[in-house]
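Note that these values count all heavy atoms, side chains included, but never hydrogens, waters or copies made by symmetry. Here is how names work: the chains are called A, B, and so on, in the same order as the sequence lines, proteins then strands, and each is numbered from 1.
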2 protein chains.
Amino acid sequence: MNNLTSFKEFSQRVSLSRQDICREIFEDNRQHIKIKKEKTVVKNLVRIFDAALKISNQTGFQAMSMRSLSRETGLSMGGLYAYFSGKEDLLEMLHSIGHTTTWRTLEENLNGLTDPVARLRVAIQTHLFLSEVMQPWFYFSYMEARHLPPTQKERSKNAELETERLYADIIDDGVRQGCFAVDDVLLAASVIKAMLQDWYIKRWKYAKRGVSVDRYGLFLVDLVEAFCLAPEYRKRKALERGDDGLFGPAEGRPAGRRAADRGN
Amino acid sequence: MNNLTSFKEFSQRVSLSRQDICREIFEDNRQHIKIKKEKTVVKNLVRIFDAALKISNQTGFQAMSMRSLSRETGLSMGGLYAYFSGKEDLLEMLHSIGHTTTWRTLEENLNGLTDPVARLRVAIQTHLFLSEVMQPWFYFSYMEARHLPPTQKERSKNAELETERLYADIIDDGVRQGCFAVDDVLLAASVIKAMLQDWYIKRWKYAKRGVSVDRYGLFLVDLVEAFCLAPEYRKRKALERGDDGLFGPAEGRPAGRRAADRGN
DNA sequence: GTCTATACACAGATAGAC
DNA sequence: GTCTATCTGTGTATAGAC
């Protein structure tokens, strides 16, 4: 058992459609939304967020005019203001959903797992796959965080620190239990986050090259384990190589450090 | 010999003052600049770029009005237009300097080094230290790249791919020579870039925690080597530990994977 | 629930005085 | 070489018709 799964399995299991996301946003923001019929609201919110993310992620939220949003959604300028009280409101709605979903999904997927090695693997994969399902939202949150008003900016920084803390806690546990050997746990957690973020920030690069999210995930797990695992555990992993059965022998999975580990 | 140096030594050696940078920009853009006296131009360019980077990096280039730039620089709106023909021009000037400087500095510092292990160490450290010296410029280039007009956007993407290629070439060499054992060289290069970028993008985080750039650099080298080095070389490195003499025994250097490597 | 028409603030840019 | 004054386009937001 290596606790690894595929993106396909993950995305079917979590099943986060745009409608689902917009329904949740609607429920969190009933106060600000003038229209009351859920079906209408969800239908239009999907159009609004699709358009807003498309334009913003190309040129920046600031540069997205209400006129262009109106053109892209097919709704009139006046019509748009029935769904948010101003551009600031829209900005907040676009931000709010990412962190709560991440946190909830990570907790759901880590729930019940106690082995630090398994927890670290699952956290990385879950986080990565979620960022793939919600790529436009994650990209937006990352790029537009600095344009937030001070209070929300602080909240955004705390979100970064909290998820980082989650990784650090897992590694800390592992060090205490002897399966990991890491001296600077917080820095290790930081670079794990950095590598996870690179996937949704530089998607153009990985797409161009045909790197699948499965391959990227396995690569990350491999790299992180090469750095974190205590020597005895690294040897054990080397022995397990080649017959974990995931995805079959060749397609869709990176060779990782196989050559190196055989030498150990 | 471990090829590692300190940020202090680096910054004294390269000595890239804001005046130096602005002088270079002036020479590259004489056509667009109406004022001809170098001393005047450099003096004002320093003020303009200082202000532009300060405002842009807080709120985004798009959100920076010419009025606020005028206020921050002390120059009038009319006066500013003597130094660039429009906001687009300013944007291009802010972008142009980063990549050329990076490339030149990397080449200068790698020149003469042939051992892939040394080259990888020096590339990472040089790149990181340069990004520290020119932090506002690097941050700006990273965050504002997507607002560039298509042609320059393409150029910016190519810059990303080129530096990545540099890391990939070093690792490839090492694999051929047997000191590295990496299967997916390009992905390894990608995540090295991602971790380097995290330093200047999330400076607030590392500053808050008191992580020095020296410590971050040594951590990165350590992590990358844990993943890339062939097993025999990893053992050799473990033996060298503790008496490399850099920075003395304790202060300013991370313990790295010392504990783990002792177990090997 | 959605649209059209419009208010009015502020953006970038320039002409011409000093 | 720098400033003040001003032009013109575009931005967000709203009132009131349908």
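Side-chain contact of B:Glu162 with B:Trp103: a donor-acceptor pair under 3.5 Å is absent, judged by distance alone. Between the side chains of B:Gln197 and A:Lys202, at least one donor N or O lies within less than 3.5 Å of an accepting N or O. In this model, no donor atom of one side chain and acceptor atom of the other lie less than 3.5 Å apart for A:Arg104 and A:Asn109.
The CG atom of A:Asp89 sits 15 Å away from the P atom of D:dT12 (whole-angstrom rounding). Rounded to a whole Å, the CG atom of B:Leu91 is 15 Å from the C1' atom of C:dG12. Distance, B:Met77 CE to D:dT8 C1': 13 Å, rounded to whole Å. If you measure from atom CG of B:Leu80 to atom P of D:dC3, you get 9 Å, rounded to the nearest angstrom.
In the set D:dT12, D:dC3, C:dG12, the nucleotide with an atom closest to the side chain of B:Lys87 is C:dG12.
At a threshold of 4.0 angstrom between heavy atoms, the contacts of B:Phe84 with the nucleic acid are absent.
In this structure, A:Asp28 has no salt bridge (charged side-chain N to carboxylate O under 4.0 Å, His left out) partners at least two apart in sequence or on a different chain.
For the segment residues 62-70 of chain B, residues with any heavy atom less than 4.0 angstrom from an atom of DNA chain C are, sorted by number, B:Met64, B:Ser65, B:Met66, B:Arg67. DNA chain D is contacted by no residue of residues 23-53 of chain A, taking any non-hydrogen atom closer than 4.0 Å.
At least one side-chain nitrogen or oxygen of A:Tyr83 sits closer than 4.0 Å to the OP1 or OP2 atom of C:dT2. Taking side-chain N and O atoms only, B:Tyr81 has a distance below 4.0 Å to OP1 or OP2 of C:dA13.
Among the candidates B:Val224, B:Leu186, B:Leu196, the single residue satisfying the side-chain contact (heavy atoms from CB on, under 4.5 Å) test with B:Tyr167 is B:Leu196.
Both the sub-6.0 Å distance and the 45° axial angle are not jointly satisfied by A:Lys34 relative to the ring of A:Phe84.
Below 30°, between 30° and 60°, or above 60°: for B:Phe10 and B:Phe7 the angle between ring planes is below 30°, a parallel geometry.
Between A:Trp137 and A:His95, the closest side-chain pair of non-hydrogen atoms is not below 4.5 Å.
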For ring pair (Phe, Tyr, Trp, His ring centres under 6.0 Å), just list the numbers for A:Tyr83 and A:His32, CA-CA rounded to whole Å, side-chain angles, deciding distance to a tenth of an Å, and then say yes or no. CA-CA 7 Å; A:Tyr83 294 91; A:His32 302 300; over 10 Å; no
